[in-house]
Amino acid sequence: MSKKNKKVLLIGWDAADWQVIHPLMDAGKMPAMERLVNNGVMGNISTLEPVLSPMLWSSITTGKYAFKHGVHGFTEPDPNSESIRPVSSLSRKAKGIWNILNQNGYKSNVISWWPSHPAEPINGVMVSNFYQRANKSIDKAWEMAKGTVHPESLAETIAALRVHPQELTEAHVKPFIPRLAEINQEEDKRVEMFCKILADTASVHSAGTWCVENTEWDFSAIYFDGIDHFSHGFMKYHPPQLPGLPDTHFELYKDIINGAYIFHDMILERYLQLIDDDTYIILVSDHGFHSDHLRLTSLPHEPAAPAFEHRRYGIFCMSGPGIKKDETLTGVSLLDIAPTVLHLFGLPIGEDMDGKVLVNAFEEPQKIKLIDSWENVAGNSGMHPKEMAESSADAKNAIDQLVELGYIDRPDENAEKARNNAYQENRYNLAQAYIGANKHQEAIDVLLELHQKSPDSSRFTLKLSDCYAELNRNKEAREMIQLSKENITKEREALKNSKNKRRKVNPENIPTDFKILDLKEAKILIDENKPKEALEILTKLDVSVSKAPNLHLHIGRCYILLKKWKKAEEHFKTSLNIDPHKATALHGLGTALLRQNKYEEAIENFLLAIEHIYNFPFAHYHLGEALFYIKEYEAAANAFEVCLSQNPAIGKARNWLIEIYTNHIQKPENSAMIEKVEIENNIEEKIEEQKEAIKRKALGTITVVSGLPRSGTSMMMQMLEQGGMDIFTDKKREADESNPKGYYEHEAVKGTMKNNKWVNEVGDKAVKVISQLLPSLPARYNYKIIFMERELNEVIDSQHKMLTRDGKIKEGEYRTGLEIAFKNNLDKVNFWATKNHHVEILKIPYTAVIEDPKTQAEKINEFLGNKLDTNKMAAVVDAKLYRSKV
Amino acid sequence: MQNIEKNSPIIKDKDGKTIEVPVEGSIGLLALGYKGLMAWRMKRKEVGNLLNKKENEQKK
């Protein structure tokens, strides 16, 4: 018996893409899909890196990144033999949806999920991904690998539902290839390939419908790889005709892709007939597939090269009781499917899951329950015991299939080499998974290991340069760019001399265009706030426009930094003409429009960017800014909150939020950020409480001593040190006559206007920052600033004496306008401090410290949380140093 | 073997009208899932039996 009435049917269409579906739906050729979309929610689904299906479908069922679920590629070294094996259900270390449901008494059907062989002993039926592929002629026995079906008692029944490619007739092929009769099938093997894919799809559907109709179930997951395989084989023939493709080939095979989608729509129609209105249906793909001018005409010379044809956005649809109708969802990720399915069953979400419940899909969202991790929950999950081993013979068949589909190269006959290759690929994939999750240091650790073993591989040095650049380790990034240049040269030479003609290779594009290295250098320069230098490189590149959306993206960014908004707008538009789905270009365009006060247009572009990549904190930030300017305060607050939830380091968002909640909305209870703060006070107190709650989102609080140079900042640093605080100093500037007890400075602080990364190193120490640099401190931290005040005349006089002593000016030679400049600076600091809620400032008059150090030390101690020894602080003050009294 | 019809499943259109299963099969039958597949295989078997029968009769 199934447990409850609630049912969920999850259908996977590998590589399905709205770009193909929308025109077909508009033409009325995908009626089932149209019904599903109209009765539920739909949207793009963002894929993960690397875009390799076994890793992605494992993320879909676990809600976790690959570095947590353990499936890292197509194959892996086989611990039980000297060779390799395809990734399997044994490779997955985390529980899939069906395992969690198993532990909660639900029954599941799982059909052909990748990877799912050997079938797991769940409460229900599992048909593994070894099920459908025929590897022998129809006149020979079509055996099914042991472990393909659970329970074993159903193996014979389900084996009989497979469709052999040679069973298909002209009647099956002609709807896809109307001019079949003109093809010489002895020479042209494409029809044979087509039949294999069609038969595989029909087999999976046959097993799927049998399970849905003949078993009691709560959850059914049916995975179809047909669209992906049809696309890899035939997308190059899809209209419009690609340049260079012969007319005859185009005419013969141009209908296959549309036909494949229409056939899948007919399959969907069948499932819609088989379920009732109380069943939730989720249709999802793991990525899209380029079907337009971005289709590749040749594949890179890399393992898993077909994955380069994948597009970053797949499809997502969901309908069922309580699900909104005819609405578009944004920000859906593959990682969200497992949490959402668990939520549909009323089960808690593992806090170690990387996805979220798609609450916006529900008409009335229910409270989301949480659990630390499902991995620690005891009880029968239906997973295999860890010691279980897969048959090596079955593994070989599956590997042959992967080779045939182009996903992997034929494994090296030398078993050890094959194992090493598989290990290397999986480590590389793992590094990419880390990069996709913004874990660049972890990626660097893995890539360095690979780089050590294969120092001549440009793949590894290129990725290393990206990772270092992301972490602002630009020196190392540049070293890797240089190494990549050398490696690419060697690889090109090797390729020219290679006798391996098996794969079509264009040495001009492959392995990597040198121009990409220039783009990387330009990107680093942009990050270093050197737009002019970056532009110099970018404008020299002669990359053909059709291939380089990134070129215009980077040029646009340069113009943003140069505040040339119109120029920036033009280049972002050019980038979008090349790739209209490039979220970073949409964001750039939005920013350029925002700065030209074109708020509505800016908002439109930010929303489009977010629709493509939801986890895009700066797009939410700028959206918030644009919404604020058109006085949509609630929506703006929401955007800033999303921004902060994605990246708490964007401190400016905190300031916007406080501004909005304090001066425009005054409804702090609406803020998700204070949900854990239970207060019953009046509105002012609530707002204060909210300010505090928002501040707590900062990365930490930093103690700063500031003031104009020669206003007593070094003395204050000394007081803090004696009081018990650690000091952030590199001790490079030694004590001298002007500051006999030392300067307490750090060289890095001087470059704050260009690079404020040193702030991350400060921690609990006190740092000296002169007043001119204060506004450059990043808002991702809160600051407690002890600001030294001293009469401007005294400051100027003291500075004059110091410069004279150092021989930098002559005695009696005064620079003009200093007083006004310093006053302006102090006004600017005051304005900055009052406008920024992450800044608390305690002003300490220099003379007060000289006259009554103990009282001032106590004030300071209170400001900093009463941790200091005020007697020792006071003892530091030496009135004799008060030399510039006026 | 469980739950697989011994007789050819009847395939009907959306108006409830019985559809004649073509011996050469069709995409529509494949899209129906296992029932469509079974119906097609049954039809092939029936036609095969019929042809065999005719052939045998002719031989006699």
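Worth knowing before you read on, the calculation uses all heavy atoms, side chains too, and leaves out hydrogens, waters and symmetry mates.
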Novice: If the test is side-chain contact (heavy atoms from CB on, under 4.5 Å), which one of A:Leu168, A:Thr201, A:Ile267 qualifies with B:Leu30?
Specialist: A:Leu168
Novice: Given heavy-atom pairs under 4.5 angstrom as the criterion, report whether the side chain, backbone, both or neither of A:Val163 touches chain B.
Specialist: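 Both the backbone and the side chain of A:Val163 come within 4.5 Å of chain B.
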Novice: Heavy-atom distance under 4.5 Å to chain B: side chain of A:Leu198, backbone, both or neither?
Specialist: side chain
Novice: Report, as yes or no, whether the 6.0 Å neighbourhood of atom CD on A:Gln185 holds more than 12 heavy atoms from other residues, nucleotides or ligands.
Specialist: yes
Novice: Take atom CD of A:Gln273 as the centre, draw a 6.0 Å sphere, and report whether it contains more than 12 heavy atoms from other residues, nucleotides or ligands.
Specialist: yes
Novice: Between B:Leu32 and A:His205, is any pair of side-chain heavy atoms under 4.5 Å apart?
Specialist: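 No; the side chains remain at least 4.5 Å from each other.
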Novice: In terms of heavy-atom pairs under 4.5 Å with chain B, which of A:Glu170, A:His264, A:Met266 leads?
Specialist: A:Met266
Novice: What option among A:Phe263, A:Phe176, A:Tyr271 has the most heavy-atom pairs under 4.5 Å with chain B?
Specialist: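 Counting heavy-atom pairs under 4.5 Å, the top option is A:Phe263.
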Novice: Decide yes or no for B:Val23 and A:Thr169: does some side-chain heavy atom of the first lie under 4.5 Å from some side-chain heavy atom of the second?
Specialist: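 They are not in contact (no side-chain heavy atoms under 4.5 Å apart), so the answer is no.
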Novice: Heavy atoms only: give me the nearest B:Trp40-A:Glu167 pair and the separation to one decimal.
Specialist: CH2-O, 3.1 Å
Novice: Could you report the tightest heavy-atom contact between A:Glu213 and B:Tyr34, atom names first, then the distance?
Specialist: OE2-CE2, 3.2 Å
Novice: Indicate yes or no: does A:Lys174 engage B:Glu24 in a salt bridge with an N to O separation below 4.0 Å.
Specialist: no
Novice: Could you tell me which non-hydrogen atom of B:Leu37 sits nearest to which non-hydrogen atom of A:Ser206, and how far apart they are?
Specialist: CD2-OG, 3.5 Å
Novice: Taking CG in A:Asp276 as the centre, count heavy atoms belonging to other residues, nucleotides or ligands within less than 6.0 Å. Is the count above 12?
Specialist: yes
Novice: For a 4.5 angstrom cut-off between non-hydrogen side-chain atoms, does A:Ile262 reach B:Ile27?
Specialist: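 The answer is no, as the side chains (C-beta and beyond) never meet within the 4.5 Å cut-off.
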Novice: What pair of heavy atoms forms the shortest contact from B:Gly25 to A:Ala171, and how long is it?
Specialist: O-CB, 3.3 Å
